[in-house]
Colleague: 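A single structure is presented below for examination.
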Amino acid sequence: QVQLVESGGGLVQAGGSLKLSCLASGRTFSSLRMGWFRQAPGKEREFVVAISRSGGSTDYASSVKGRFTISRDNAKNTVYLQMNSLKPEDTAVYYCAAAITIYSNIVFTKRVEYNYWGQGTQVTVSS
């Protein structure tokens, strides 16, 4: 089993920044592919960004490309999401997701490709 705990959410004005963290436990972190998804009220949970097991490959949703950056620190069992130039439409609960993989540099972007989820952290961007 893998446990994921997100932190770093909060309230920020449009144009501001936040950095989310996701601490993983229960499995060797370097064996996990990681991703961030978000869910706004009344909407489906959607892909935001993902990073490969090695950290060498990433993929971003077009809505966040150029504003958000994902990174991972395998020594700290943590994946980060730096969010800059935030917009009101970024308001959502952000979920960290993980799955065990044998592939070092492949990125997965679909919800069904992840089987471990955190409890979510709220991000609210005011206009």
Side-chain angles (χ1 to χ4, degrees):
Q1 289 291 331
V2 176
Q3 293 79 43
L4 303 172
V5 179
E6 303 101 331
S7 60
L11 173 64
V12 64
Q13 288 189 328
S17 298
L18 281 174
K19 186 173 184 177
L20 306 184
S21 300
C22 174
L23 175 64
S25 62
R27 188 83 184 190
T28 302
F29 186 66
S30 59
S31 69
L32 302 175
R33 61 177 183 264
M34 304 296 296
W36 288 94
F37 291 73
R38 67 186 181 186
Q39 188 166 17
K43 294 189 176 181
E44 294 284 323
R45 191 173 300 188
E46 65 175 5
F47 168 75
V48 177
V49 60
I51 189 166
S52 62
R53 199 184 82 183
S54 69
S57 299
T58 58
D59 197 3
Y60 293 84
S62 57
S63 58
V64 306
K65 196 171 293 185
R67 299 188 298 122
F68 289 13
T69 303
I70 190 171
S71 61
R72 65 188 294 161
D73 186 338
N74 286 353
K76 295 184 178 180
N77 294 351
T78 302
V79 63
Y80 303 99
L81 180 60
Q82 177 67 48
M83 305 185 294
N84 298 329
S85 302
L86 282 160
K87 304 175 181 180
E89 51 263 44
D90 295 317
T91 295
V93 177
Y94 282 71
Y95 295 91
C96 177
I100 300 166
T101 182
I102 62 172
Y103 302 108
S104 295
N105 287 307
I106 296 178
V107 177
F108 295 84
T109 63
K110 297 181 174 59
R111 285 178 57 184
V112 295
E113 293 168 328
Y114 292 86
N115 47 6
Y116 299 105
W117 294 84
Q119 81 287 351
T121 186
Q122 177 71 46
V123 171
T124 303
V125 185
S126 63
S127 57

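Please read these numbers as outputs of a predicted model, since none were measured by experiment.
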Colleague: Side-chain contact, heavy-atom cut-off 4.5 Å: Tyr60 with Arg67?
Modeller: no
Colleague: Sorted by first residue and then second, give each side chain to side chain donor-acceptor pair (under 3.5 Å) pair with at least one member in residues 43-53; sequence neighbours left out.
Modeller: Arg38-Glu46, Gln39-Arg45, Ser52-Ser54, Arg53-Ser104
Colleague: Answer yes if Met34 and Tyr116 sit in the same cluster of Ile, Leu, Val, Met, Phe, Trp and Tyr residues linked by side chain heavy atoms under 4.5 Å apart, and no otherwise.
Modeller: yes
Colleague: List in chain and number order the residues that pass ring-ring contact (aromatic ring centres under 6.0 Å, His included) with Tyr114, two or more places apart in sequence or in another chain; answer none if no residue qualifies.
Modeller: Phe37
Colleague: How far apart are the closest heavy atoms of Thr109 and Glu113, and which atoms are they?
Modeller: N-OE1, 3.1 Å
Colleague: Of all the heavy-atom pairs spanning Ala40 and Ala92, show the shortest one and how long it is.
Modeller: N-CB, 3.8 Å
Colleague: Check Ser17 against Asn84 and note the closest heavy-atom contact, atom names and distance.
Modeller: OG-OD1, 2.9 Å
Colleague: For Val5, is there any backbone N or O sitting under 3.5 Å from a side-chain donor or acceptor partner on Gln119?
Modeller: no
Colleague: Kindly indicate whether the side chain of Thr101, heavy atoms from C-beta on, has any atom under 4.5 Å from the side chain of Ile106.
Modeller: no
Colleague: For Leu81 versus Tyr94, what's the shortest heavy-atom pair and its separation?
Modeller: CD2-CD2, 4.2 Å
Colleague: Side-chain contact test, heavy atoms from C-beta onward, threshold under 4.5 Å: evaluate it for Val49 versus Phe68 and give yes or no.
Modeller: no
Colleague: Could you measure the distance from the CD atom of Gln3 to the CG atom of Asn77? Nearest 0.5 Å is fine.
Modeller: 11.5 Å
Colleague: Pairs in or reaching into residues 36-111: which pass disulfide bond (SG atoms under 2.5 Å apart), with residues at least two apart or in two chains?
Modeller: Cys22-Cys96
Colleague: Mind checking side chain to side chain contact (heavy atoms under 4.5 Å, CB included) for Thr28 and listing every partner two or more places apart, or none if nothing turns up?
Modeller: Ser30, Ser31
Colleague: With side-chain contact (heavy atoms from CB on, under 4.5 Å) as the criterion, how do Leu32 and Val79 come out once you've worked through the C-alpha distance, each side chain's angles and the decisive distance to 0.1 Å?
Modeller: CA-CA 11 Å; Leu32 302 175; Val79 63; over 6 Å; no
Colleague: Group every Ile, Leu, Val, Met, Phe, Trp and Tyr by side-chain heavy-atom contacts under 4.5 Å, then state whether Ile51 and Ile100 land in the same group.
Modeller: yes
Colleague: If you define the side chain from C-beta out and look only at heavy atoms, does anything of Gln122 sit under 4.5 Å from Thr91?
Modeller: yes
Colleague: List, by chain and then residue number, the residues other than Val107 in its hydrophobic cluster (Ile/Leu/Val/Met/Phe/Trp/Tyr, side-chain heavy atoms under 4.5 Å); write none if there are no others.
Modeller: none
Colleague: What I'd like to find out is whether the side chain of Val64 reaches to under 4.5 Å of the side chain of Met83, using heavy atoms alone.
Modeller: no
Colleague: Closest approach of Asp90 and Ser85, non-hydrogen atoms and distance?
Modeller: OD2-O, 4.4 Å
Colleague: Give the ring-plane orientation class for Tyr95 versus Trp117, where under 30° counts as parallel, over 60° as perpendicular and anything between as tilted.
Modeller: perpendicular
Colleague: I need the Thr58 OG1 to Lys65 NZ distance, nearest 0.5 Å.
Modeller: 9.0 Å
Colleague: Using the rule that Ile, Leu, Val, Met, Phe, Trp and Tyr join whenever any side-chain heavy atoms are under 4.5 Å apart, tell me whether Val12 and Val93 fall into a single cluster.
Modeller: no
Colleague: Working to the nearest 0.5 angstrom, can you tell me the gap between Phe47 CZ and Arg111 CZ?
Modeller: 13.5 Å
Colleague: Using a 3.5 Å distance criterion without hydrogens, assess whether the side chain of Gln82 forms a donor-acceptor pair with backbone atoms of Lys19.
Modeller: no
Colleague: Between Ile70 and Leu18, is there a shared hydrophobic cluster once you connect ILVMFWY residues whose side-chain heavy atoms come closer than 4.5 Å?
Modeller: yes
Colleague: If we only count heavy atoms from C-beta on, is the Phe29 to Asp73 side-chain gap below 4.5 Å?
Modeller: no
Colleague: Can you run down the disulfide bond (SG atoms under 2.5 Å apart) pairs that involve residues 98-127, sequence neighbours left out, and say none if there aren't any?
Modeller: none
Colleague: Just how far is it from atom CG of Leu20 to atom CH2 of Trp36, taken to the nearest 0.5 Å?
Modeller: 4.5 Å
